[in-house]
S.K.: 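I am attaching a structure below and will ask some questions about it afterwards.
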Amino acid sequence: MAPVLALVGATGAVGGVMIDIMDARRQFPWGEVRLIASARSAGRKMTVRGQELTVQALSPEAFDGVDIAMFDVPDEVSKEWAPIAAARGAVAVDNSGAFRMNPDVPLVVPEVNVAKIHDRPLGIIANPNCTTLSMMAAMGALHREFGLLELVVASYQAASGGGQAAIDRLYAELDAVHGKQVGVRAGDVREAVEAAGLPISDSPFPAPLAMNVVPFAGSLKDDGWTSEELKVRNESRKILGIPDLKVSATCVRVPVVTTHSVAVHAVFEHAVTVEAAHKVFAAQPSIVLVDDPAAMRFPTPADVVGEDPTYVGRVRQALDFPNTLDFFVCGDNLRKGAALNTYEIAEALVN
C-alpha cells in the first residue's frame, strides 16, 4: 500500500515551495497527501499534482494513518506537535530548530549522512538550518575525500531567511531609497528609510538592509556570537560526524530576497588541489560547479534562486596555508535550505 504523506504548514512560504517541489518530481510514491495548517487556514483549497485538496486543521486525528509528516512551522509548533505525530505512528521530519541538537534526533542531509534516518528513537528527524545546508553537500563531499579539520566561513544571508516580514521590510526599504542619492554619506540611508515611516525599531534587522549589509543574523548569544553563527558550528559538527571540528562563522544579512551564499575557508587532513576539488564537486549530482575565473563565471544568488542544486565556484588553493581550499557556494534557502532537503528525507524514508 502506498504511503501517506502529511505536510504541516502547507499554507506557509516553505509549504508553498514544498508543493512546487512535489508537483515537479518525476517519481511520486505517495498514495495520499494531506495538507495540514492552523485552524485559521482550514478549509482552504490547494492543488497538488493536479488534485485539489482541502487543508485540514492541525489536530491529533489529522495524523491517523500518516506514514511521514513533514513540518514547516515555527519552533514552538513543531515542539508540541511533532511528538504527537510520532505517537500516532508517523515519522516526523521537522524543518524547525526545535530538535536539531537533541541527541536522540538525527540531523540529516541525505547527500552526507542518509543512514542516520534509521536511528530515530523519538520518531523525529530534523532538517538543518538553511545557512548550514547551503554548504553541506560540498563540505560532505570534500570531507569524505580529504578529511575536514577546520572550517572558517562568512555567510551572506538573504532577507527571506527572516521570514515574510523580513522580505516585506526589504522591499519597503528599497522603495524608500529608490530614486534618491543615498549611500554617499553616513546616515543618509537610515534617514531615507525612517523618513518613509519605517523606523529601525520596527524592523526585523538592526540596521537598514537596503543598499547595506548587516553583520548580524539571528539573536545575540554569549561572547558576542549570534544564534545563526552557533548553528553553523554545532550543526556542521553533528551532520559531518566530527564532534571536535573547529568552526568559526560570521553571519551577514545582505539585500537579497532569496538565496544564501557562503564564503568557505576549509582546512583538511590530506593535501588538496583545485583540480581535485573540481573533480569532487563535479561528481556530486546535487552540486553545480561554475568556476571559470577567466570568463568571470561564478555563482551568484540572482543566478541560483529557484534552483534545487547548490552552486560552487571561486575555488582556490589558499596561498599561505597548506591543505586548504577557499570557495564560494550559493543555495536557495527556501528550496535546498528548507523544503527540498525535508522532502528528500521523506523520499529516502520510503526508498
Side-chain angles (χ1 to χ4, degrees), residues 9 11-20 72 74 129-131 133-135 153-220 226-229 249-263 288 290 295-311 313-314 328-340:
T11 58
V14 176
V17 175
M18 187 77 75
I19 292 172
D20 290 343
D72 290 306
N129 175 262
C130 52
T131 310
L133 264 171
S134 297
M135 63 176 178
V153 303
S155 71
Y156 306 91
Q157 296 179 215
S160 56
Q164 188 61 48
I167 297 173
D168 294 343
R169 175 71 189 204
L170 175 58
Y171 279 129
E173 290 186 357
L174 290 170
D175 285 342
V177 301
H178 178 68
K180 298 180 174 65
Q181 290 190 340
V182 294
V184 295
R185 64 179 180 84
D188 57 3
V189 172
R190 184 183 295 265
E191 290 174 7
V193 166
E194 294 194 332
L198 299 168
I200 300 302
S201 58
D202 292 343
S203 174
F205 314 113
L209 189 60
M211 301 182 70
N212 201 16
V213 298
V214 180
F216 193 96
S219 56
L220 183 63
T226 72
S227 57
E228 288 285 305
E229 291 159 351
T250 299
C251 290
V252 181
R253 195 72 71 180
V254 297
V256 169
V257 176
T258 302
T259 295
H260 290 350
S261 303
V262 184
V288 175
V290 182
M296 290 294 173
R297 296 189 67 245
F298 37 74
T300 73
D303 299 316
V304 173
V305 62
E307 297 291 310
D308 286 345
T310 51
Y311 283 62
R314 295 297 321 279
F328 192 73
V329 58
C330 292
D332 186 317
N333 54 296
L334 298 182
R335 294 188 76 83
K336 182 57 178 176
L340 178 60

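Heads up: numbering here begins at 1 and tracks the sequence.
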S.K.: Throw together a table of side-chain donor-acceptor distances under 3.5 angstrom for residues 179-187, partners on residues two or more places apart or in other chains.
M.R.:
residue: K180; atom: NZ; partner: A176; partner atom: O; Å: 3.0
residue: R185; atom: NH2; partner: E191; partner atom: OE1; Å: 3.1

S.K.: Considering all heavy atoms of both residues, which atom of A210 and which atom of V177 are nearest to each other, and what is their separation?
M.R.: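 Residues A210 and V177, closest heavy atoms: CB-CG2, 4.3 Å.
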S.K.: What distance do L209 atom CG and I200 atom CD1 have between them, rounded to the nearest 0.5 Å?
M.R.: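 The CG atom of L209 sits 10.0 Å away from the CD1 atom of I200.
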S.K.: Give, for atom CZ of R335 and atom CG of D20, the distance between the pair rounded to the nearest 0.5 Å.
M.R.: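 Interatomic distance, R335 CZ to D20 CG, rounded to 0.5 Å: 6.5 Å.
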S.K.: With side chains defined as the heavy atoms from C-beta onward, is the minimum distance between N333 and Q157 less than 4.5 Å?
M.R.: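 Counting from C-beta outward, N333 and Q157 never come under 4.5 Å.
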S.K.: Of all heavy-atom pairs between A249 and E229, which one has the smallest distance, and what is that distance?
M.R.: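 That closest heavy-atom pairing would be O-CG, 3.4 Å.
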S.K.: Begin with the C-alpha distance, continue with both residues' side-chain angles, and end with the deciding distance and a verdict on side chain to side chain donor-acceptor pair (under 3.5 Å) for E228 and T131.
M.R.: CA-CA 8 Å; E228 288 285 305; T131 310; 3.2 Å; yes
S.K.: Please report the shortest heavy-atom distance between V304 and P309, naming the atom on each side.
M.R.: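 Result for this residue pair: CG1-O, 4.4 Å.
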S.K.: Minimum heavy-atom separation for A338 to L133, with atom names?
M.R.: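 Result for this residue pair: N-CD1, 4.4 Å.
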S.K.: Quick one: pull up CG in D303 and CZ in F298 and give me the separation to the nearest 0.5 Å.
M.R.: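 Those atoms lie 9.0 Å apart.
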S.K.: Mind checking whether K336 and D308 have side chains closer than 4.5 Å, heavy atoms only?
M.R.: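 K336 vs D308: side chains apart.
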S.K.: Is it the case that the side chain of T226 and the backbone of F216 share a donor-acceptor pair, with hydrogens and angles ignored and the cut-off at 3.5 Å?
M.R.: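 No, because the side chain of T226 does not come within donor-acceptor range (under 3.5 Å) of the backbone of F216.
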S.K.: Side chains of Y311 and T300, heavy atoms from C-beta outward: is any pair under 4.5 Å?
M.R.: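 Y311 vs T300: side chains apart.
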S.K.: Tell me, please, which residues at least two apart from D175 pass salt bridge (charged side-chain N to carboxylate O under 4.0 Å, His left out).
M.R.: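 Expected list: none.
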S.K.: For E173, give me all partners under side chain to side chain donor-acceptor pair (under 3.5 Å), at least two apart in sequence or on another chain.
M.R.: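 Partners of E173 by the side chain to side chain donor-acceptor pair (under 3.5 Å) criterion, ordered by chain and then number, come out as R169.
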S.K.: Just verifying a value: how many Å separate I167 CD1 and T258 OG1, rounded to the nearest 0.5 Å?
M.R.: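 If we round to the nearest 0.5 Å, I167:CD1 and T258:OG1 are 5.0 Å apart.
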S.K.: Please confirm whether the backbone N or O of C330 pairs with a side-chain atom of T310, one donor and one acceptor, at under 3.5 Å?
M.R.: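 Side chain of T310 to backbone of C330: no pair is present.
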S.K.: Check whether any side-chain heavy atom of V214 sits under 4.5 Å from a side-chain heavy atom of P206, and report yes or no.
M.R.: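 Yes, their side chains come closer than 4.5 Å.
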S.K.: Are the side chains of Q164 and D168 in touch, meaning some heavy atoms are under 4.5 Å apart?
M.R.: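 Yes. Closest side-chain heavy atoms under 4.5 Å.
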S.K.: Donor-acceptor pair, distance only, cut-off 3.5 Å: does the side chain of S203 make one with the backbone of P199?
M.R.: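 Between the backbone of P199 and the side chain of S203 there is no qualifying donor-acceptor contact (under 3.5 Å).
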S.K.: Answer whether the closest heavy-atom distance between the side chains of R253 and V213 falls below 4.5 Å.
M.R.: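 No, their side chains stay 4.5 Å or more apart.
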S.K.: What pair of heavy atoms forms the shortest contact from S261 to P301, and how long is it?
M.R.: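 Where S261 meets P301 most closely, the heavy atoms are OG-CG, 3.4 Å.
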S.K.: Please give me the minimum heavy-atom distance between G331 and S134, naming the atom from each residue.
M.R.: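 Distance-wise, the nearest heavy atoms are O-OG, 4.1 Å.
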S.K.: With distance as the sole test, does S160 use its side chain to make a donor-acceptor pair with the main-chain N or O of V257 at under 3.5 Å?
M.R.: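 It does hold such a pair.
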S.K.: Measure the spacing between OH of Y156 and NE2 of H260 and express it to the nearest 0.5 Å.
M.R.: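 Interatomic distance, Y156 OH to H260 NE2, rounded to 0.5 Å: 14.0 Å.
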S.K.: Are the side chains of P255 and L170 in contact, using a 4.5 Å heavy-atom criterion?
M.R.: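 L170 vs P255: side chains touch.
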S.K.: About how many Å separate CG of L340 and CG of D332, when rounded to the nearest 0.5 Å?
M.R.: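 Between D332 CG and L340 CG, I get 9.5 Å after rounding to 0.5 Å.
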